[in-house]
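See structure below.
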Amino acid sequence: MLNNDDTLSFHLQLITRLIDIDQYPFIKLVIEKNITRKEYDELFQLLQKLDLQYKIQKEEGFLDFTSLLVHFAGMLNEKLVPDMTIYALKKEGYFPSLMNMFIELIKQNNNHKEDW
């Protein structure tokens, strides 16, 4: 006999077959990494805080936002990989200006690695 967790897991598997889960990479990450509601809410609180800091810093004329990316990576739930999470959030349209800036920093950092 199936318990509630088994039934829920089975139903979730069926639902993911109904939709093109690749169109929702962040939701897919949340499901695959078994992120709890509390962890999900904490991530979005972090993102809202960083998005506000980014807008303030940009308005003040800051040019280097590396500290925001470092803060994000350091505070991100250990179940999630920073780069993968950023690209998934961008694809789903969350915090577009912040995610675009993070992606630019990631690309710059990857280009500098090749210089070494």
Side-chain angles (χ1 to χ4, degrees):
M1 185 170 183
L2 294 176
N3 67 33
N4 282 343
D5 287 341
D6 290 337
T7 303
L8 184 59
S9 179
F10 172 65
H11 289 172
L12 188 56
Q13 288 173 7
L14 291 175
I15 290 170
T16 58
R17 290 183 193 161
L18 293 175
I19 60 171
D20 183 2
I21 196 71
D22 292 329
Q23 292 296 316
Y24 304 95
F26 179 68
I27 292 173
K28 185 177 179 181
L29 266 179
V30 168
I31 293 168
E32 287 177 348
K33 300 300 182 180
N34 202 28
I35 299 295
T36 66
R37 177 60 185 231
K38 182 177 186 258
E39 292 167 336
Y40 180 90
D41 290 343
E42 288 169 351
L43 172 60
F44 275 86
Q45 288 172 3
L46 172 64
L47 288 166
Q48 288 171 344
K49 178 181 169 187
L50 291 175
D51 190 54
L52 179 60
Q53 287 178 337
Y54 172 61
K55 289 174 181 170
I56 289 170
Q57 288 181 7
K58 192 171 182 179
E59 206 170 279
E60 291 176 352
F62 280 59
L63 298 175
D64 184 6
F65 304 99
T66 306
S67 64
L68 295 178
L69 178 58
V70 170
H71 184 75
F72 173 76
M75 296 300 292
L76 186 63
N77 186 293
E78 65 275 358
K79 296 176 191 175
L80 297 170
V81 176
D83 290 11
M84 187 182 300
T85 304
I86 290 166
Y87 281 100
L89 286 163
K90 177 176 175 19
K91 184 165 184 182
E92 288 194 36
Y94 293 106
F95 305 95
S97 58
L98 182 66
M99 293 305 111
N100 286 334
M101 181 270 297
F102 281 170
I103 289 169
E104 280 302 310
L105 288 172
I106 292 167
K107 288 178 180 177
Q108 287 174 9
N109 188 42
N110 288 340
N111 287 339
H112 290 302
K113 284 180 184 176
E114 293 171 6
D115 294 338
W116 297 351

Gap between atom CD of Gln108 and atom CG of Leu105 - 0.5 Å precision: 5.5 Å
Restricting to side chain to side chain contact (heavy atoms under 4.5 Å, CB included), what partner residues turn up for Glu78, sequence neighbours left out? none
Which word best sums up how the rings of Phe72 and Phe102 line up, parallel for under 30°, tilted for 30 to 60°, or perpendicular for over 60°? tilted
Only counting residues at least two apart or in another chain, list the ones meeting side chain to side chain contact (heavy atoms under 4.5 Å, CB included) with Ser67. none
Value for OG1 (Thr36) from CG (Asn77), rounded to nearest 0.5 Å, stands at 7.5 Å
Under the side chain to side chain contact (heavy atoms under 4.5 Å, CB included) rule, what do Leu69 and Asn109 come out as? Steps first, then yes or no, please. CA-CA 11 Å; Leu69 178 58; Asn109 188 42; over 6 Å; no
To the nearest 0.5 Å, what is the distance between CG on Leu50 and CE on Met75? 9.0 Å
Which residues pass the salt bridge (charged side-chain N to carboxylate O under 4.0 Å, His left out) test with Glu39, not counting sequence neighbours? Lys79
Step by step, work out the side chain to side chain contact (heavy atoms under 4.5 Å, CB included) result for Met99 and Leu47. CA-CA 10 Å; Met99 293 305 111; Leu47 288 166; 3.7 Å; yes
On a heavy-atom basis, which atom in Leu76 and which in Val81 lie closest, and how many Å separate them? CD2-C, 3.9 Å
Got a sec, which residues hit side chain to side chain donor-acceptor pair (under 3.5 Å) with Ser9, two or more places apart in sequence or on another chain? none
Sequence neighbours excluded - ring-ring contact (aromatic ring centres under 6.0 Å, His included) pairs with any residue from residues 78-100: Phe26-Tyr94, Phe44-Tyr94
Sorted by chain and residue number, the side chain to side chain donor-acceptor pair (under 3.5 Å) partners of Asp64 (sequence neighbours excluded) come out as Thr66
Could you list the residues that satisfy salt bridge (charged side-chain N to carboxylate O under 4.0 Å, His left out) with Asp22, not counting sequence neighbours? Lys28
Does Tyr54 belong to the same Ile/Leu/Val/Met/Phe/Trp/Tyr cluster as Phe62, with side-chain heavy atoms less than 4.5 Å apart forming each link? yes
Return the minimal non-hydrogen interatomic distance between Leu98 and Asp51, and the atom names on each side. CB-OD1, 3.6 Å
Do Lys107 and Ile103 have side-chain heavy atoms sitting under 4.5 Å apart? yes
Residues in ring-ring contact (aromatic ring centres under 6.0 Å, His included) contact with Tyr24, at least two apart in sequence or another chain: none
Could you check whether any side-chain N or O of Glu92 sits under 3.5 Å from a backbone N or O of Ile27, counting only pairs where one atom can act as donor and the other as acceptor? yes
Residues two or more places apart in sequence or in another chain: which of them pass salt bridge (charged side-chain N to carboxylate O under 4.0 Å, His left out) with Asp83? none
Lys49 meets the side chain to side chain contact (heavy atoms under 4.5 Å, CB included) criterion, sequence neighbours left out, with Gln53, His71
Please evaluate residues Phe65 and Lys58 with respect to the criterion side chain to side chain contact (heavy atoms under 4.5 Å, CB included), reporting the C-alpha separation (whole Å), side-chain torsions for both, the decisive distance (0.1 Å), and the verdict. CA-CA 9 Å; Phe65 304 99; Lys58 192 171 182 179; 4.1 Å; yes
Any chance you could pull the hydrophobic cluster mates of Ile56, using side-chain heavy atoms under 4.5 angstrom and chaining through other members? Leu52
Any ion pair linking Lys55 and Glu59 (charged N to carboxylate O, less than 4.0 Å)? no
If hydrophobic clusters are built from ILVMFWY residues whose side chains come within less than 4.5 Å, do Ile15 and Tyr40 share one? no
Which pair of heavy atoms, one from Leu80 and one from Leu43, lies closest together, and at what distance? CD1-CD2, 4.2 Å
Measure the spacing between NZ of Lys33 and OG1 of Thr85 and express it to the nearest 0.5 Å. 8.5 Å
Would you please name every residue forming a side chain to side chain contact (heavy atoms under 4.5 Å, CB included) with Leu63, sequence neighbours left out? none
